[in-house]
Amino acid sequence: MPGSPDPTDLAATLAGPVAEVAPRLLGGVLRHGDVVARVVEVEAYAGADDPASHAHRGPTPRNGVMFGPPGRLYCYLSHGIHVCANVSAEADGVPAAVLLRAVTVVEGDRIVRERRGSRVAVRDLARGPGRLTEALGIGLGHDGQDLAHGLLTLAPAPAQVAFEAGPRIGVRRAADRPWRFWVPGTPVSSYRRHRGADQEW
DNA sequence: GCTCCGATTATCT
DNA sequence: GATAATCGGAGCG
């Protein structure tokens, strides 16, 4: 169907410059089996021009998905223990990804509780990239998965939701680049500057 | 090989 | 607010 692009087409939604398309994922629906959650916080990571990005120095075995087509899941292990989940962006061959930092659980609360613990505060169920993947049951085995079909999917919101922007959390380089986006009034991470963060911009 | 160091989190003061 | 835990990658020689 020619004309205006389908806003619910994940790959088309993510095909543009990552800092522009990242906030479009806010309000989107992330689903893994019976667990459904709404995306409320993301960060944009680009390629050679973004020194904070894994793809900054070119492709490696780990970051390969960032160089592939948009709409795939890029999973990596952080600090030896935490899995972080990203969605690849920009055209096939151009490295970029959107880090999923926080979601709010819409359905499947019981399953999430089994994974995260019954005593965890509601606001901490999936606030933070490591907690998010634990809550959704996302692991390194999901690296490279197409999020348009299957058990694990991401459906963009039909229309852009209101959002705010600020610097990315915990990055040493390009520390002032305002590439974190979140939905006001939802539980998101509190900002932490990296110790000895570079000046840039 | 070998070293350095996190796109984090839980726990402490 | 500050810091330890923890280990796979990336960078370098």
Side-chain angles (χ1 to χ4, degrees), chain A residues 14 17-19 21-23 25-26 30 39-68 70 72-90 94-103 105 112-113 115-144 147 154 163-182 187-201:
Chain A
L14 290 166
V18 66
V21 301
L25 294 186
L26 296 172
L30 182 63
V39 179
V40 296
E41 184 185 20
V42 299
E43 283 175 358
Y45 289 89
D49 61 330
D50 179 9
S53 171
H54 289 167
H56 176 226
R57 296 176 188 268
T60 69
R62 177 175 65 157
N63 67 18
V65 176
M66 289 186 71
F67 289 77
R72 308 293 175 89
L73 199 64
Y74 164 44
C75 298
Y76 70 93
L77 197 59
S78 179
H79 288 259
I81 24 192
H82 307 291
V83 175
C84 295
N86 306 249
V87 185
S88 62
E90 306 219 11
V94 180
V98 181
L99 172 66
L100 303 176
R101 282 205 64 95
V103 299
V105 176
V112 171
R113 284 278 173 197
R115 294 174 176 147
R116 293 279 300 131
S118 55
R119 295 173 300 277
V120 175
V122 173
R123 51 184 265 109
D124 291 335
L125 277 180
R127 182 177 64 107
R131 296 164 175 159
L132 184 156
T133 56
E134 186 174 20
L136 270 291
I138 296 173
L140 295 179
H142 293 102
D143 189 49
L147 292 171
L154 176 60
F163 67 94
E164 294 177 356
R168 294 173 289 187
I169 290 178
V171 298
R172 178 177 180 79
R173 303 198 279 169
D176 298 317
R177 200 177 293 198
W179 281 9
R180 179 168 72 107
F181 310 95
W182 67 93
V188 298
S189 310
S190 41
Y191 179 66
R192 306 179 299 279
R193 192 178 177 83
H194 189 288
R195 309 188 276 174
D198 286 357
Q199 308 272 38
E200 203 196 286
W201 286 31

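In this text the structure is predicted, and so the values were computed from the model without any measurement. Chain letters run A, B, ... following the sequence lines, proteins first and then strands; every chain starts at 1.
Rounded to whole angstrom, the span from the CZ atom of R168(A) across to the P atom of dG6(B) amounts to 14 Å. As rounded to whole Å, 16 Å separates atom C1' of dG1(C) from atom CZ of R193(A). The distance from atom CZ of R195(A) to atom C1' of dC5(B) is 10 Å, rounded to the nearest whole Å. Atom CZ in R192(A) sits roughly 12 Å away from atom C1' in dA2(C) (whole-Å rounding). Atom-to-atom, CG of D124(A) to P of dT8(B) comes out at 15 Å; the value is rounded to the nearest Å. Whole-Å rounding puts the R123(A) CZ to dA10(B) P distance at 13 Å. R177(A) has its CZ atom 14 Å from the P atom of dA7(B), to the nearest Å. For the pair N86(A) CG and dG6(B) P, the computed distance is 18 Å after rounding to whole Å.
Toward the 5' end of DNA chain B, the nearer of the two residues E134(A) and H194(A), judged by each one's closest nucleotide, is H194(A).
Rounded to a whole angstrom, the distance from the P atom of dC2(B) to that of dT6(C) is 23 Å.
Proximity of a side-chain donor or acceptor of R113(A) to a complementary backbone N or O of V120(A) within less than 3.5 Å is detected.
Centre separation under 5.5 Å together with a plane angle under 30° does not hold for the ring of Y76(A) and the six-membered base ring of dA7(B), so they are not marked as stacked.
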(request) With ring-ring contact (aromatic ring centres under 6.0 Å, His included) as the test, would you mind laying out the steps for Y76(A) and H54(A) before giving the verdict? (result) CA-CA 10 Å; Y76(A) 70 93; H54(A) 289 167; 4.5 Å; yes
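Applying the Watson-Crick and G-U wobble criteria (two distances, each under 3.5 Å), dC5(B) pairs with dG8(C).
A distance of 11.5 Å separates CG in L77(A) from CG in D143(A), rounded to the nearest 0.5 Å.
For dA10(B), the OP1/OP2 oxygens have a side-chain nitrogen or oxygen of R131(A) closer than 4.0 Å.
For the pair R168(A) and E43(A), the salt-bridge criterion is not met [side-chain N within less than 4.0 Å of a carboxylate O]. Taking the charged nitrogens against the carboxylate oxygens, D176(A) and R193(A) do have a contact shorter than 4.0 Å, which makes a salt bridge.
In this model, no donor atom of one side chain and acceptor atom of the other lie less than 3.5 Å apart for R127(A) and S189(A).
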So which protein N/O to nucleotides 6-11 of chain C N/O distances come out below 3.5 Å?
from, atom 1, to, atom 2, distance (Å)
dT6(C), O2, H79(A), O, 3.2
dG9(C), O3', R62(A), NE, 3.4
dA10(C), OP1, T60(A), OG1, 2.4
dA10(C), OP1, R62(A), NE, 3.4
dG11(C), OP1, R57(A), NE, 3.0

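Here the closest non-hydrogen pair linking M66(A) and A55(A) is CE-CB, 3.9 Å.
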